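Each remark here refers to the structure printed beneath this line.
Quick note: numbers below take in every heavy atom, side chains included, and nothing from hydrogens, waters or symmetry partners. The structure presented is a predicted model; accordingly, all values stated were derived computationally and were not measured.
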Amino acid sequence: YAITFLGVSEIEQLKPSINADTVIKWQDETSEATSLILRSNDIPLSPIVDISDVLKKVSAAGVLTPKELLQVADVLRVARRLKLYSSNDKIEILHLSDYFENLYVNKNVEDEIERSIKSEDEIDDRASKTLYDIRRKINDIEVQIKDKLNDIIRSHSKYLQDDLVTFRNNRYVIPVK
C-alpha cells in the first residue's frame, strides 16, 4: 500500500535481498514506519502527482503552466509538513531520519506559487507588476471599446435590431435590421 506515485513505483521495483545488513535495515525501517503510523494518525502525507516531467521541463528552462506550478506547490507543501513532523520532539525517528532529512523544502517558492496562481487555468493579476499593468491596460481598452459601441448604438438606434452589443467568436457584434 502506498499513497504517492513514488511509493507505488518503489514498491513495484522492490526485489528481495540476500544481504543480511540490507534485510535488517529494511526491517528496521518498516518497523519504525509501522510504529509511527500506529502511534499517530496525523502523519502529514497526502497523495501527490508525479512531477518528474515538470522537473525535466524546468531543468531545460521550460515554461510551466499554472497547473504544473500548483503541482510543484503541492509537493513542496507535503515535503515541508513531513519535515516539520519529523522534527517534532515527541517523535523518535532513527531509521527513517535520512529520508526526512533529504526532503527538499522551499517555503518561499511554495508561498509565491500560492500567491500567484488562482487555479489550474488562471494566473493572478498581481503575480507580477508587468502582468498587472498589461491586464489593467487590456481592461481599460475593453471599457473604451464598449463605450464607443454604446455611443454607436445610441446614435444609430433606428438602424439596429436591438439596442445591445453581443460578443461572438471573440468579436463585438451589433445586430443590424
Hey, is the main chain of [Y] close enough, under 3.5 Å, to the side chain of [X] for a donor-acceptor pair?
X    : Y    : result
S9   : F5   : no
S59  : L55  : yes
N169 : R171 : no

Exercise: identify the closest heavy-atom pair between [X] and [Y]:
X    : Y    : value
S116 : A127 : CB-CB, 3.7 Å
I123 : P66  : CG1-CG, 3.7 Å
K83  : L103 : NZ-O, 2.9 Å
V75  : V49  : CG2-O, 4.1 Å
L164 : T166 : CD1-CG2, 3.2 Å
R81  : P44  : O-CG, 3.3 Å

Please tell me if the side chains of [X] and [Y] come closer than 4.5 Å, counting only heavy atoms from C-beta onward.
X   : Y    : answer
Y85 : L36  : yes
H95 : K25  : no
L45 : V78  : yes
D98 : E101 : yes
K57 : L64  : yes

Open item on the list: As a quick check of understanding, evaluate salt bridge (charged side-chain N to carboxylate O under 4.0 Å, His left out) for E142 and K146, giving each step before the final call.
Closed with: CA-CA 6 Å; E142 286 176 347; K146 288 176 188 174; 5.4 Å; no
Atom pair [atom1]/[atom2] of [X] and [Y] - distance to nearest 0.5 Å:
X    : Y    : atom1 : atom2 : result
E32  : L96  : CD    : CG    : 4.0 Å
K148 : D151 : NZ    : CG    : 6.0 Å
K67  : I117 : NZ    : CD1   : 13.5 Å
R115 : N108 : CZ    : CG    : 11.5 Å
L149 : I174 : CG    : CD1   : 4.5 Å
D53  : Q71  : CG    : CD    : 10.0 Å

Same cluster for [X] and [Y] if Ile/Leu/Val/Met/Phe/Trp/Tyr side chains link at under 4.5 Å?
X    : Y    : answer
V165 : V173 : no
L69  : Y132 : no
L94  : F100 : no
V8   : L82  : no
V105 : L6   : no

Return yes when atom [atom1] of [X] has more than 12 non-hydrogen atoms of other residues, nucleotides or ligands closer than 6.0 Å, and no otherwise.
X    : atom1 : result
K129 : NZ    : no
Y159 : OH    : no
R136 : CZ    : yes

Open item on the list: I'd like to know whether V176 forms a side chain to side chain contact (heavy atoms under 4.5 Å, CB included) with Q161, so could you lay out the CA-CA distance, the side-chain angles of the two residues, the decisive distance to 0.1 Å, and finally the verdict.
Closed with: CA-CA 5 Å; V176 179; Q161 186 173 340; over 6 Å; no
Task: Positive for side chain to side chain contact (heavy atoms under 4.5 Å, CB included) with R135, one of T130, D125, D140 - done: D125
Open item on the list: Using 30° and 60° as the class boundaries, would you call the ring planes of F167 and Y172 parallel, tilted or perpendicular?
Closed with: perpendicular
Task: Any side-chain donor near an acceptor of the partner, S52 and D50, under 3.5 Å - done: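 Their side chains do contain a donor-acceptor pair, which is all the 3.5 Å distance test asks for.
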TODO: Check the pair W26 / N19 against side chain to side chain contact (heavy atoms under 4.5 Å, CB included), numbers first and verdict last.
DONE: CA-CA 11 Å; W26 288 350; N19 182 307; over 6 Å; no
